[in-house]
Amino acid sequence: MSEAMDSVLFYLSKAFCSPLAVFVQIQGCVICLTLAFGWACAAYVRNREIRRIKDSMRAGNSLAFLCQDINELEHSYQANLPRVSVVMPLKGFGEHNLHNWRSQVISLYGGPLEFLFVVESTEDPAYHAVSRLISDIKDNIDARVVVAGLSTTCSQKIHNQLIGVEQMHKDSKYVLFLDDDIRLHPGSIGALTAEMEKNPEIFIQTGYPLDLPSGSLGSYCIYEYHMPCSMGFATGGKTFFLWGGCMMMHADDFRYDRCGVVSGLRDGGYSDDMTLAAVAGAHKKLITSPPVAVFPHPLSSDLSFSRYWNYLRKQTFVLESYMFKVNWIMNRALFSSHCYLSWGFVMPYLMALTHVAAALRIYMQGYAREETTFVSNGLLLVSCLAACTFIELFSMWNLTRIEVQLCNILSPEAPRLSLATYNWVLVFIAMLVDNFLYPISAFRSHFSQSINWSGVRYSLKDGKINKIERSKDKGPKYTDLAWKHLYGKKAAPPKPSFLDGLLRSLEQWQQPKKYDV
């Protein structure tokens with residue numbers, strides 16, 4: 001039996017030295033180096049902003065984390081700042097929500113500012129929680145809760161956003177859409193508004209989250225899933241990417257349905273950011289992402305692997321929605337390339353594992369050197385892949401380090417974030433797991449054409465929502481990332497599966513200390 005296994009192992013190792021297999025392994029190295037280069041460019045942009053803030057502080061502007069020019073803090077300047085309405089669609093209530101909401105409403109923006117927390121109904125746990133928060137600080141901010149009711153033609157999030165826009169102040173110049181699971185910096189609203197004032201041609205301003213993994217494999221998979229996209233938001237200016245967790249737009253674009261933003265969202269819209277990005281592309285509108293628009297995104301302290309899978313399903317399902325034919329073509333191209341590159345990233349590691357196993361068997365069994373010359377070629381490929389992987393992980397570490405440092409500078413009053421809590425063994429494992437599962441999730445989304453999002457099942461036809469089904473009994477009782485209660489009564493967490501038990505054992509290995517925030 002041992003000789004038969006050795007024969008199979010040697011056969012595979014030799015086969016993995018064929019020209020096609022060598023191409024696949026070299027391709028894996030190229031993918032690693034391409035990601036490393038992208039993260040290095042993103043790190044340069046973020047680090048440049050850190051240097052600018054520090055230089056300004058050394059020059060005497062101790063409030064450089066709020067604004068570049070300290071003269072902008074004069075009353076005469078602040079009195080002329082435009083009115084901003086912040087619309088936050090809420091769903092459920094979890095462990096980080098109160099801290100996130102406080103960071104959003106306690107802003108140091110000097111102009112008129114209102115906050116609209118939009119819920120589906122008064123039965124939503126978020127309704128009572130945010131009502132108490134507003135009651136506690138009502139003398140300091142202009143905030144209120146808006147009950148939107150149930151959506152019938154679009155996703156519930158988009159419905160809440162549109163109702164919030166309808167309720168915003170008539171004099172608001174800008175509207176800022178925020179997700180409730182990110183933490184704003186004190187100067188974030190001011191920085192976004194300043195950019196809009198400088199360049200009226202900006203259609204949408206956006207940002208991106210810095211995931212704070214909780215220690216579980218699922219949380220690291222989400223961190224790894226977001227990291228490749230982060231380089232598209234760290235441009236310091238123009239970008240083609242859009243993240244629905246932070247979008248500032250001109251309020252009049254919604255009042256007058258310019259470029260069809262309202263009708264595009266309302267009539268079958270599933271994803272707010274994909275829909276608005278499609279509108280921007282169709283009308284040649286400008287999307288920008290300022291270098292300070294990176295926001296801490298704490299993940300649930302018990303984010304299981306099954307919840308990560310549900311999140312991944314919702315992300316891949318986005319590619320099934322579209323507004324125009326060109327969006328469908330782009331989504332198909334993104335679908336194909338992402339699936340190819342994901343498995344193209346994983347396959348070299350499976351081949352490398354075979355090469356290493358073969359080399360170990362040769363060493364242990366003492367095979368003649370002339371019989372196993374192919375193994376040295378395999379080990380050479382393994383060495384190249386290992387070096388490229390190290391460069392990739394180092395570049396990811398460096399970008400994360402710089403973004404952590406930038407967040408600490410932009411929020412000097414907040415608990416310090418630390419890179420020491422990141423487990424880089426789990427980061428590497430998450431890279432393999434996430435890239436292996438992405439094509440599976442993408443194909444499932446393509447053939448199902450329906451998704452369960454926070455207890456609501458949406459079905460698509462021709463890229464738009466055509467059917468909405470609600471059932472508290474059949475849907476999840478919690479959200480995926482923040483583990484928020486979706487309904488009034490707290491339900492018991494689902495029983496873990498056998499796979500969850502195995503993965504939990506893996507997650508506890510070298511598990512870092514959790515965030516103390």
Worksheet item: Got Lys314 and Val318 here, is their nearest side-chain heavy-atom distance under 4.5 Å?
Response: no
Fill in: Test item: Ser216 side-chain N/O and Leu303 main-chain N/O as donor-acceptor pair under 3.5 Å
yes
Worksheet item: With the threshold set at 4.0 Å, does a side-chain nitrogen-carboxylate oxygen contact exist between Glu49 and Lys54?
Response: no
Discussion item. Between Gln161 and Asp272, is there a side-chain donor-acceptor contact under 3.5 Å, judged purely by atom types and distance?
Written reply: yes
Worksheet entry | side-chain contact (heavy atoms from CB on, under 4.5 Å), paired with Asn160, selected from Val119, Val118, Val87 | Val118
Worksheet entry | Any Leu460 side-chain heavy atom under 4.5 Å of Ser450 side chain | no
Practice prompt. Could you tell me whether a side-chain N or O of Ser188 sits under 3.5 Å from a main-chain N or O of Leu184, the two making a donor and an acceptor?
Written response: no
Item to complete: Any chance you could lay out the side chain to side chain donor-acceptor pair (under 3.5 Å) test for Tyr340 and Gln27, step after step, and finish with the verdict?
Response: CA-CA 11 Å; Tyr340 175 80; Gln27 176 184 256; 2.5 Å; yes
Discussion item. Is the distance from the ring center of Phe317 to that of Tyr270 below 6.0 Å?
Written reply: yes
Worksheet item: In this structure, which one of Arg52, Arg51, Arg58 forms a side-chain hydrogen bond (donor to acceptor under 3.5 Å, both in side chains) with Asp55?
Response: Arg58
Worksheet item: Checking Ser395 side chain against Ala36 main chain: does a donor-acceptor pair fall under 3.5 Å?
Response: yes
Worksheet entry | Plane angle bin for Phe335 and His446 - parallel if under 30°, tilted between 30 and 60°, otherwise perpendicular | tilted
Worksheet entry | Pair Tyr349 + Phe428: ring centers closer than 6.0 Å | yes
Discussion item. A side-chain contact here means heavy atoms from C-beta on lying under 4.5 Å apart; do Arg183 and Pro298 qualify?
Written reply: yes
Worksheet entry | Residue pair Leu178 / Trp101, side-chain heavy-atom distance below 4.5 Å | no
Worksheet item: How are the rings of Phe241 and Phe233 set to each other: parallel, tilted or perpendicular (split at 30° and 60°)?
Response: tilted
Discussion item. Does any part of the side chain of Cys229, heavy atoms only, come nearer than 4.5 Å to the side chain of Met227, both counted from C-beta?
Written reply: no
Worksheet item: With a 6.0 Å cut-off on ring centres, are Tyr311 and Tyr308 close enough?
Response: no
Worksheet item: So, Arg401 and Asn398: side-chain donor and acceptor under 3.5 Å apart, yes or no?
Response: yes
Practice prompt. State, yes or no, whether a side-chain contact exists between Pro439 and Thr316 at a heavy-atom distance under 4.5 Å.
Written response: no
Worksheet item: Is the ring centre of Tyr438 less than 6.0 Å from the ring centre of His338?
Response: yes
Worksheet item: With ring centroids as reference points, do Tyr223 and Tyr422 lie under 6.0 angstrom apart?
Response: yes
Discussion item. Closer than 3.5 angstrom, by distance alone: can the side chain of Thr354 be matched with the main-chain N or O of Leu350 as a donor-acceptor pair?
Written reply: yes
Worksheet item: Less than 4.5 Å apart, any side-chain heavy atom of Gln25 and any of Val382?
Response: no
Practice prompt. State plainly whether the residues Lys91 and Asp180 are in salt-bridge range, i.e. N to O under 4.0 Å.
Written response: no
Worksheet item: Would you say Thr193 and Met248 make side-chain contact, with heavy atoms under 4.5 Å?
Response: yes
